[in-house]
Amino acid sequence: MKKILLMLVFLTAALGFASCEKSKGWKTVDGIIVFDTPERAPGQKSVLGLRTEPMEVVRVGFIGLGMRGSSAVDRFTHIDGVEIKALCDLYPDRVEKSQAVLKHHDLPEAAEYSGEEGWKQLCERDDIDLVYIATPWLQHVQMAVYAMEHGKHVAVEVPAATSLEECWQLVDTAEKTQRHCMMLENCVYDFFELTTLNMARQGLFGEILHVEGSYIHNLEPFWDEYQGNWRLAFNRNHRGDVYATHGLGPACQLLDIHRGDKMNYLVSMDTKSVNGLKLVKDRKQGDSFANADHTLTLIKTEKGRTIHLQHNVYTPRPYSRMYQLTGTKGFANKYPVEGYAFEPEQLAEAEVPDHENLNAHNFVSDEVQKALMKQYKDPIAIEIEEKAREVGGHGGMDFIMDYRLIYCLHHGLPLDQDVYDAAEWSCIGALTAMSIEHKSAPVAVPDFTRGDWNKIEGYRHAMPVD
């Protein structure tokens, strides 16, 4: 009887431990922290390669008319086949300013919404196809989900989500409604990135082994520009790489993430907070600061390739997204100096470097680089570069992003970025925080496609001939 009682006690304890483990939402498998993957609900289906009916005119509603949103409204006035139907912001005066932009371009007046609930009324309209969201981060998911549930396609600023739960919400809602949900990651449309991606598609770099990306941008002059101090407040409360998408997006496209490869796990570490902590202390906004002055992350993919990410918005370093590619036959680098390097046989006129002269192992000449960038200019850039540079938005990449979004909707094509990109690139904040808080333990990157990561072969921009 005593043995039976002991066994019952042991089983009860074991069941209690298992229940506790399950309730955490994650477990440790072979030393790697693995988050639970929710089951795909009945009736949901993948949106990989989602195509919807072509739209001759895309009717758009904008939510959030601060720094990013107001600029987007202006850019959209330069895109054919668009009707701006509604404008919304917390503050009515911002709506009026964007309304004035429409008037300046001789466009019809848009419906106006403001206040805490105005965005819901905009999403409920039956004359809108696309909702463009440029609000503070913590509002992104509730607005995107509500818009999709009301039959709208969604474009949402970066990061699209701030937690794993939110990432899954976006994925599940897109799959349930079969609506597009595109994160507005503009850096994948910069001209150097587009050209380098095209070179990679053509095999110039051989097999890609390693890529790097970052967001290194001293925000000291800009903190007061964020309405209600929301961005500094978010960083004060969150550890990890909270703004990874500008560096990670281009890297993932180079590596065909969820189009033949996938991110398996990451490890992350950070410095202490010095400048961040000083910011909130000087502003009398607290005596602690979660986000480190510098955060570093390494990611391993299914195919054995690596990604290096960095985040630093507090120290006086020059701006950098790092953007670096190491391949078996070539190399590309954007910051601090743009350049390409290749094996001698890759370029007919190249000389074999003298191994005694370390300076001989260098980038190709400016003349050769210029010729390469002309030869391998991406078809998208060939089509729209002149207008993009004229309209602007970070040198034109913002306009290309908006142009491609509308172009794909016009032609019923898969978007350049899908909801799985949005989830994969946005989840890094939560995963890196988890790694750091567990002494830089490896953390598995969820497969938001639920096993479909190799159903599409290679990343590409969809075109009507596809």
### Task
Output yes when Arg450 and Asp172 qualify as a salt bridge under the 4.0 Å nitrogen-oxygen rule, no when they do not.
yes

### Check ion pair Lys329-Glu207 (N to O, under 4.0 angstrom)
no

### Query
Who are the ring pair (Phe, Tyr, Trp, His ring centres under 6.0 Å) partners of Tyr132, not counting sequence neighbours?
Phe62, Phe76

### Message
List the residues meeting salt bridge (Lys or Arg N to Asp or Glu O under 4.0 Å) with Arg40, not counting sequence neighbours, and say none if there are none.
### Response
Glu175

### Query
Could you give all pairs that pass the ring pair (Phe, Tyr, Trp, His ring centres under 6.0 Å) test and reach residues 258-287, with sequence neighbours left out?
His258-Tyr420

### Query
Do the side-chain N and O atoms of Thr315 and Asn275 include a donor-acceptor pair separated by under 3.5 angstrom?
no

### Message
If the condition is ring pair (Phe, Tyr, Trp, His ring centres under 6.0 Å), which residues does His238 pass it with, not counting sequence neighbours?
### Response
Phe234

#### Entry: salt bridge (Lys or Arg N to Asp or Glu O under 4.0 Å) partners for Asp378, two or more places apart
Arg201

### Task
Not counting sequence neighbours, list each pair that qualifies as a side chain to side chain donor-acceptor pair (under 3.5 Å) and has a residue in residues 136-158.
Arg68-Glu157, Glu124-Tyr146, His153-Arg179

### Task
Could you tell me whether Asp287 and Lys281 make a salt bridge, using a distance below 4.0 angstrom between a side-chain N and a carboxylate O?
no

### Message
For Lys262, give me all partners under salt bridge (Lys or Arg N to Asp or Glu O under 4.0 Å), at least two apart in sequence or on another chain.
### Response
Glu302

### Query
With sequence neighbours excluded, what pairs up with Glu338 under the side-chain hydrogen bond (donor to acceptor under 3.5 Å, both in side chains) test?
none

### Query
Quick one: side-chain hydrogen bond (donor to acceptor under 3.5 Å, both in side chains) partners of Tyr226, sequence neighbours excluded?
Arg231

### Set of residues satisfying salt bridge (Lys or Arg N to Asp or Glu O under 4.0 Å) with respect to Lys120, sequence neighbours excluded
Glu117

#### Entry: Residue pairs, two or more places apart or on separate chains, that pass side chain to side chain donor-acceptor pair (under 3.5 Å) and touch residues 431-441
none

### Message
Under the side chain to side chain donor-acceptor pair (under 3.5 Å) test against Tyr314, which residue among Asn218, Asp293, Asn235 passes?
### Response
Asn235

### With sequence neighbours excluded, residues passing side-chain hydrogen bond (donor to acceptor under 3.5 Å, both in side chains) with Lys176
none

